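Numbers for residues simply follow the sequence, beginning at 1. What you are looking at is a predicted structure, and each value in this text was computed from that prediction instead of being measured.
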Amino acid sequence: MTATTITGSAAAGAPRGSALDRRYAMLGLVLIAPSVMIFCMVIVYPLVSAIYLSLFSIYTPTLQGDFVGLDNYATLMASGEFWRSLLNTVIWTVCTLTLQIVFGIAVALVLHQNMAFRALARSLILFPYFVSTVVAVLVWRWLFNDLYGILNHMMMWAGLVDMPLDYLGSMPNAMISVVIVGAWKYFPFVVIAVLARLQTIPEPLYEAAKIDGAGPIARFFDVTLPQLRDVLVVIILLRAIWDFKEFDLIFLLTGGGPLISTQTLPLMVYKDAFGLNDMGRASAVAVTMMLVMLVFMIAYLRLTGREEKEAAQ
């Protein structure tokens, strides 16, 4: 009698457990549905639309056109403007990122030391990163102005130049100026990340290095830099992705000029889409950019996945 009762109770409890599991499953679907919908609207739909438009010759004002298949991509591969824009993008990304890393590490090392007003200095160093890009560009355009810019005024006063320099209207001055402004604007991100890692490096490592006779430079290369390796790899990958797709800073500074000397791929997308009204070609450039950035994204995901596995072990 007891065994029959237990068996009956178990049989009766199974449907209730299954029903409860189904309810939890439905609750999970309901909770995640808004996120899935937002993801589809913000990422999936624009991505699919860009790939779709890149296969057509689309007139931007009407979004009407004819199917051309891969002709837009073939035109890009044969376009000197595309390759020049790609080269400019690579130059901008590599040079800006290099300056960000060098100055970011240097400033982080300084701010890590015990000094007066360290908290104030750490707050002020973040100013370029938090200030609006439009405001920053307006200030730098005033500094670079060849008529009343303070840089030309100081250089002429010091006797370094006889005539004002055209910082934004001639090459290579334009590219150098854009790189400098970009490095100034975004190097605080490197400072924040590196400074946070510096504060977690065990002090006994430095004490052991001092006992072995290592000087400041040797301690940096033998202790500090190896400890910063993982965070620097993540910083480089993230900043490379963000710098590669940078638009507003370059557009506001030079507009891609003189001619196309500082035109990057994002600026080319904008010009093709809204300047030449060729949405199909602009979409093809955007898709090509996405494929290049996909390489950086895969590297970043693999790196973070490997770090999570190492942390779990």
Side-chain angles (χ1 to χ4, degrees), residues 90-144 149-151 154-155 167 173 175-207 209-210 214-246 248-250 252-253 296 300 303-304 307:
V90 173
I91 293 174
W92 148 263
T93 302
V94 172
C95 294
T96 306
L97 182 58
T98 301
L99 291 179
Q100 290 176 49
I101 296 299
V102 172
F103 287 110
I105 293 177
V107 174
L109 289 173
V110 173
L111 295 179
H112 185 59
Q113 305 301 317
N114 291 324
M115 61 180 185
F117 304 107
R118 184 174 65 173
L120 178 61
R122 289 181 176 181
S123 301
L124 293 178
I125 206 66
L126 302 178
F127 173 77
Y129 192 66
F130 292 143
V131 71
S132 169
T133 301
V134 176
V135 175
V137 168
L138 288 176
V139 172
W140 278 98
R141 285 182 66 90
W142 175 74
L143 294 174
F144 286 143
I150 190 173
L151 291 180
M154 293 178 63
M155 292 180 69
Y167 288 100
N173 296 347
M175 180 61 75
I176 295 174
S177 301
V178 169
V179 168
I180 291 175
V181 176
W184 171 84
K185 180 74 172 66
Y186 299 116
F187 90 96
F189 175 83
V190 182
V191 175
I192 297 172
V194 172
L195 187 58
R197 182 65 182 92
L198 286 173
Q199 294 173 347
T200 63
I201 298 178
E203 191 63 29
L205 294 178
Y206 292 105
E207 296 176 357
K210 289 180 181 180
I217 297 179
R219 290 198 299 271
F220 172 76
F221 285 102
D222 294 338
V223 178
T224 305
L225 201 56
Q227 292 292 323
L228 295 177
R229 183 188 61 185
D230 293 338
V231 69
L232 285 179
V233 172
V234 175
I235 291 172
I236 290 172
L237 288 174
L238 286 177
R239 285 295 342 154
I241 294 171
W242 295 339
D243 290 338
F244 191 85
K245 64 181 183 62
E246 180 68 30
D248 50 354
L249 187 144
I250 304 174
L252 293 171
L253 268 177
F296 294 104
Y300 174 72
L303 178 65
T304 53
E307 290 180 348

Quick check: are there more than 12 heavy atoms from other residues, nucleotides or ligands sitting under 6.0 Å from [atom1] of [X]?
| X | atom1 | value |
| --- | --- | --- |
| Y206 | OH | yes |
| L120 | CG | yes |
| I176 | CD1 | yes |

What is the distance from atom [atom1] of [X] to atom [atom2] of [Y], rounded to the nearest 0.5 Å?
| X | Y | atom1 | atom2 | value |
| --- | --- | --- | --- | --- |
| D243 | L97 | CG | CG | 6.0 Å |
| L195 | I125 | CG | CD1 | 10.5 Å |
| L198 | L111 | CG | CG | 10.0 Å |
| R197 | Q227 | CZ | CD | 5.0 Å |
| R239 | Q100 | CZ | CD | 4.5 Å |
| E246 | T93 | CD | OG1 | 9.5 Å |

- [ ] Name the orientation class of the two ring planes belonging to Y186 and Y129 (parallel below 30°, tilted from 30 to 60°, perpendicular beyond 60°).
- [x]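 Rings of Y186 and Y129: perpendicular, as their planes differ by over 60°.
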
[X] versus [Y], closest heavy-atom pair with distance:
| X | Y | answer |
| --- | --- | --- |
| T200 | A196 | CG2-O, 3.6 Å |
| L205 | I201 | CD1-CG2, 4.3 Å |
| A193 | I235 | CB-CD1, 3.3 Å |
| W184 | V131 | CH2-CG1, 4.4 Å |

Task: Trace of the side chain to side chain contact (heavy atoms under 4.5 Å, CB included) decision for F144 with V181 - done: CA-CA 11 Å; F144 286 143; V181 176; 3.7 Å; yes

Counting C-beta onward and ignoring hydrogens, is there a side-chain heavy-atom pair between [X] and [Y] closer than 4.5 Å?
| X | Y | answer |
| --- | --- | --- |
| L99 | F187 | no |
| I105 | V191 | no |
| I150 | W142 | yes |

Open item on the list: Are F189 and W242 an aromatic pair, judged by ring center distance below 6.0 Å?
Closed with: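 Centroid separation for W242 and F189: below 6.0 Å.
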
Task: Check against side chain to side chain contact (heavy atoms under 4.5 Å, CB included), L232 and L225 - done: CA-CA 9 Å; L232 285 179; L225 201 56; 4.1 Å; yes

Ignoring hydrogens and angles, tell me if any N or O in the side chain of [X] forms a donor-acceptor pair with the backbone of [Y] under 3.5 Å.
| X | Y | result |
| --- | --- | --- |
| K185 | L249 | no |
| S177 | Y167 | yes |
| Q113 | L109 | yes |

